[in-house]
Protein chains: 2
Amino acid sequence: MVLPRAARTQRRTRIQEEKEERILEAALEVFSANGFRGATVDQIADVAGMSKPNLLYYFRTKEAMHRALIDRVLDTWLDPLRAFDAEGNPVAEIRSYIRRKLEMARDYPRESRLFANEVLQGAPHIEDELKGPLKALVDEKAEVIRAWAKAGKIAKCDPYHLIFAIWSTTQHYADFDVQVRAVLGQGNSGDGRFEDAARFLERLFVDGLQVSEQPTP
Amino acid sequence: MVLPRAARTQRRTRIQEEKEERILEAALEVFSANGFRGATVDQIADVAGMSKPNLLYYFRTKEAMHRALIDRVLDTWLDPLRAFDAEGNPVAEIRSYIRRKLEMARDYPRESRLFANEVLQGAPHIEDELKGPLKALVDEKAEVIRAWAKAGKIAKCDPYHLIFAIWSTTQHYADFDVQVRAVLGQGNSGDGRFEDAARFLERLFVDGLQVSEQPTP
DNA sequence: TGATAATTTGACCGGTTGGTAAACATTACA
DNA sequence: TGTAATGTTTACCAACCGGTCAAATTATCA
């Protein structure tokens, strides 16, 4: 038998587990850095440390690899939004969502760039995911936010644009990392910018920029 | 003589002006939608309505086209930040900067995506621009913001991260357009989302989300 | 152990890509 | 108008790309 894994129904062997793992790790590295079209199968095979035909034995096409990667990563990528709790304290929930998203940008920048590349170029491979599960989840959480606003627990605002604002400000530190580093200059070898960003963003989203009315005695 | 334009020093002919214009317009269309590596010279020639060798007569290489495009676009792209006025009213300046950046995202999304593609993939072609002119301009405006904060005209905050936040929230509507549309659902054929975004962002940056202490009589 | 299935490899293929060569056409201008 | 410079096209190339194939190697297990 020479059927590659995708066509098999039996349980996967140890070798399959290991190789597919290595391939998807390499695919994440290469796709996130170059986009789908910019990535080459040779490059992925090289990073994965195997020959191209060997790689294509496990994933028959470049598209199949990309799809498997997207499926695997999208779920965990949306976890922070799922953790958004309707029962919690509104301001605290938003703060911790920002913090979690910033941690993701710091710890999983490749995943962020994978999606950014895709969406930026018109989302040709993940349109269904955007209009389906993503929209459904956002709709659900937007309703939570709307209820908070209605109850006077946070300022009245468009919940969708609030979510967009949190996404964009936090993912910016992953997707535009080189620009952030270039502008901040050297001397930021560590992750200090993430702590500064967290401080700034939590403050921004809660209080805004206007000077708060201090009791003027 | 068969020297292409780049090597010539004499004034450019009418034909050169026209063709280079058409080429850069086509290049913007194609590079912004596919990134540098994803774009093909054939594709750009096609959009420009000329043969590939003809195109390569005006720009000797794909890289030369890309560079010319970047040089041309970067300047206008930074105009809104340059307009940031140290003498103006701080909160009003920030509001109008947000508004201007949103208008750019609405009216020039291709320019935004051109840079986003580039930066996302490590800025291999514009590293110098980021570390040079861009950083210089941001440094200058950050100083203005810092002075405002010090004078108590706006809340104390990190000026660099404030600029990042304005960039990311506004450019999000150009760079992640398909995702924004997918999440908002159909029925957004017009530009209504930009007005909603403007309302939300101006409010966010000025007041934050916390309910403002209303005079409770 | 031996046979069978799973895995790996090198050689290769057709299509695409960025770019070139040279002949041909057009324009500018003395 | 004549001619030299400028502009355009056809044909082409070498490198690269995603993917195939058949043969060789290794793992599995009766």
Side-chain angles (χ1 to χ4, degrees), chain A residues 1-24 26-27 29-31 33-69 117 121 124-125, chain B residues 1-24 26-27 29-31 33-69 117 121 124-125:
Chain A
M1 276 260 228
V2 281
L3 277 184
R5 153 186 139 51
R8 265 175 271 136
T9 51
Q10 303 296 20
R11 70 187 167 79
R12 291 153 62 201
T13 68
R14 173 184 49 81
I15 290 181
Q16 280 167 30
E17 301 268 9
E18 283 178 13
K19 290 295 166 73
E20 286 172 18
E21 188 66 25
R22 267 170 55 191
I23 291 171
L24 289 181
E29 184 72 25
V30 176
F31 279 133
N34 304 98
F36 181 79
R37 205 171 185 291
T40 73
V41 177
D42 287 274
Q43 210 180 345
I44 298 171
D46 197 53
V47 172
M50 59 180 77
S51 68
K52 181 168 63 170
N54 194 186
L55 184 154
L56 288 168
Y57 170 76
Y58 292 99
F59 294 94
R60 279 210 278 228
T61 66
K62 190 181 170 184
E63 298 233 3
M65 276 178 43
H66 191 256
R67 168 137 302 275
L69 185 58
N117 263 302
Q121 304 195 359
H125 304 93
Chain B
M1 275 263 225
V2 282
L3 279 182
R5 160 187 133 48
R8 266 175 268 136
T9 52
Q10 302 296 20
R11 69 187 166 80
R12 290 153 63 202
T13 69
R14 174 185 47 85
I15 291 182
Q16 278 167 31
E17 301 269 9
E18 285 177 14
K19 290 294 166 72
E20 285 171 17
E21 188 66 25
R22 267 169 56 192
I23 291 170
L24 288 181
E29 184 72 25
V30 176
F31 279 132
N34 304 98
F36 181 78
R37 206 168 185 290
T40 74
V41 177
D42 288 274
Q43 209 181 346
I44 297 170
D46 198 53
V47 172
M50 59 179 79
S51 68
K52 181 168 64 170
N54 194 185
L55 184 153
L56 289 167
Y57 171 75
Y58 292 98
F59 295 94
R60 278 211 278 232
T61 65
K62 188 181 171 184
E63 298 232 3
M65 277 179 42
H66 190 257
R67 168 138 301 275
L69 184 59
N117 263 303
Q121 304 194 0
H125 305 94

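Convention: sequence-line order gives letters A, B, ...; per-chain numbering from 1.
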Taking 4.0 Å as the cut-off, does a side-chain nitrogen or oxygen of B:Y58 come that near to OP1 or OP2 on D:dT8?
yes
Round to a whole Å and report the spacing from NE2 of B:H66 to P of C:dG18.
13 Å
Side-chain donor-acceptor distances from residues 33-40 of chain B under 3.5 Å, at least two apart:
residue: B:R37; atom: NH1; partner: A:G38; partner atom: O; Å: 3.0
residue: B:T40; atom: OG1; partner: B:Q43; partner atom: N; Å: 3.0

Could you measure the distance from the CG atom of B:L55 to the CG atom of B:D46? Nearest 0.5 Å is fine.
11.0 Å
Before you tell me yes or no, could you show the steps for B:N117 and A:Q121 under side chain to side chain contact (heavy atoms under 4.5 Å, CB included), namely the whole-Å CA-CA distance, both residues' side-chain angles and the distance that decides it to 0.1 Å?
CA-CA 8 Å; B:N117 263 303; A:Q121 304 195 359; 3.0 Å; yes
Taking only residues two or more places apart in sequence, or in another chain, which ones meet A:A48 in a side chain to side chain contact (heavy atoms under 4.5 Å, CB included)?
A:A26, A:M50
Let's go through B:I44 and B:K62 carefully: what are the C-alpha distance in whole Å and the side-chain angles of both, what is the deciding distance for side chain to side chain contact (heavy atoms under 4.5 Å, CB included) to 0.1 Å, and is it a yes or a no?
CA-CA 10 Å; B:I44 297 170; B:K62 188 181 171 184; 5.5 Å; no
Starting at the 5' end of nucleotides 16-22 of chain D, put B wherever the base has a protein heavy atom under 4.0 Å, S where only the sugar-phosphate does, and a dash everywhere else.
-SBBBB-
Starting at CE of B:M50 and ending at C1' of D:dT10, how long is that distance when rounded to a whole Å?
17 Å
Rounded to whole angstroms, how far apart are CG on B:D46 and P on D:dT9?
13 Å
Could you please spell out the steps behind the side chain to side chain contact (heavy atoms under 4.5 Å, CB included) verdict for A:F31 and A:M65?
CA-CA 10 Å; A:F31 279 133; A:M65 276 178 43; 4.0 Å; yes
Check this one for me: any side-chain N or O of B:Q16 less than 4.0 Å away from OP1 or OP2 of D:dG7?
yes
Are OP1 or OP2 of D:dT9 and a side-chain N or O of B:S51 less than 4.0 angstrom apart?
yes
Does D:dG7 have its OP1 or OP2 closer than 4.0 Å to a side-chain nitrogen or oxygen of B:Y57?
yes
Here the distance between atom P of C:dT17 and atom CD of B:Q43, to the nearest Å, is 8 Å
Looking at B:N54, does any N or O in its side chain come under 4.0 Å of the phosphate oxygens OP1/OP2 on D:dT9?
yes
